[in-house]
Amino acid sequence: DKRMKDIEKKIDEYRMKVKDSGDLKAESGVFDAPTLKTLYTLASKGIIKAMGGVVSTGKEADVFHALGEDERELAIKIYRITTSDFQKMQDYLIGDPRFEGIRGTKKDIVFAWTKKEHRNLERAMEVGVRVPRPVTSERNILVMEFIGKDEVPAPRLKDVRPEDPKGIYSKVAEYMRLLYQKARLVHGDLSEYNILLYEGEPIIIDMGQAVMLDHPMSSEFLARDIRNIVKYFKKMGVDCSEERLNAYIMKK
Ligand SMILES: N#C/C(=C\c1ccncc1)C(=O)NCc1ccccc1
């Protein structure tokens, strides 16, 4: 619809405004020297006992399985320092009062971004939103609880058909409301791609781009999150609408 098109356009403009000119090279692998050094630091602190295989890969980061203290399963998210779309990151950080004044090299931006995802996960947890529990973050590496079993990650909503879509929808709607009302955060990239389904429960992941309500684009990001969620759950046969979800999230 018209309104959404305007919002999408505005977000793209906002992104294009500072986007790198060159296309991102799909360089493979994140294990450059600084990253290996950081992994070594985490291992020597006993946080990571053994690294496992790749859980998922993206433009900005790769997620690996690992074993931590007491053989606990961990997810290790490693942000690429070279190919990360740091202009987009910088763009999101600029609007965030928590990271005012962050400038400088790609490294600084990626490190601030990693710290931001860690903080956002903590804030989400504090207000009762189910996310992977963050363990620590060091430079471009975020260590968190692994959602899955025996190295097999929980599936993303886009890959499975929930048995109880209505129940999952109401849980996701409640989490969006808690993020907005209590954590003063908008996820900013919420969709069936960033919700895991584990033991019948939805788990929100990828909070790196989440913005505070006073970010200049927070209402556009919220509208897009709402659009994505309603679109998916309508397909699952849930009776929902953007207006009702918006009212539920914003209602005091
Ligand atoms: N966090 C996280 C993720 C999975 C996960 C699984 C099990 N336990 C915790 C997290 C994940 O795939 N995120 C998607 C993604 C985004 C950007 C780059 C790579 C991957």
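First listed ligand is number 1; within each ligand, the first listed atom is number 1.
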What's the shortest distance from [atom] to any protein heavy atom, and which residue and atom give it?
| atom | answer |
| --- | --- |
| atom 10 (C) of ligand 1 | A75 CB, 4.0 Å |
| atom 12 (O) of ligand 1 | S56 OG, 2.5 Å |
| atom 5 (C) of ligand 1 | L196 CD1, 4.2 Å |
| atom 18 (C) of ligand 1 | A61 O, 3.2 Å |
| atom 4 (C) of ligand 1 | I205 CD1, 4.0 Å |
| atom 2 (C) of ligand 1 | D206 OD1, 3.6 Å |

Any Lys/Arg nitrogen of [X] or [Y] sitting under 4.0 Å from an Asp/Glu carboxylate oxygen of the other?
| X | Y | answer |
| --- | --- | --- |
| R224 | D189 | no |
| R133 | E122 | no |
| R123 | E126 | no |
| E220 | R227 | no |
| D206 | K77 | yes |

(message) Against ligand 1, does E145 come closer than 4.0 Å with any heavy atom?
(response) yes
Check ligand 1 against [X] and write out every atom of the ligand that is under 4.0 Å from a heavy-atom position of the residue.
| X | value |
| --- | --- |
| T57 | 19 (C) |
| M144 | 1 (N) |
| R156 | 14 (C) |
| G58 | 18 (C), 19 (C) |

(request) Examine I147 against ligand 1 and note whether any of their N/O atoms are separated by less than 3.5 Å. (result) yes
(request) Under 4.0 Å, heavy atoms only, figure out whether ligand 1 is touched by the backbone of E60, its side chain, both or neither. (result) neither
(request) Would you please test Y180 and Y248 for ring pair (Phe, Tyr, Trp, His ring centres under 6.0 Å) and show each step? (result) CA-CA 11 Å; Y180 186 89; Y248 172 69; over 10 Å; no
(message) Restricting to non-hydrogen atoms, name the atom on I76 and the atom on A66 that form the minimum distance, rounded to 0.1 Å.
(response) CG1-CB, 3.5 Å
(request) Indicate yes or no for a side-chain donor-acceptor contact from N140 to the backbone of Y79 under 3.5 Å, with no hydrogens or angles considered. (result) yes
(request) For D108 and T105, indicate whether the former's side chain and the latter's backbone hold a donor-acceptor pair under 3.5 Å. (result) yes
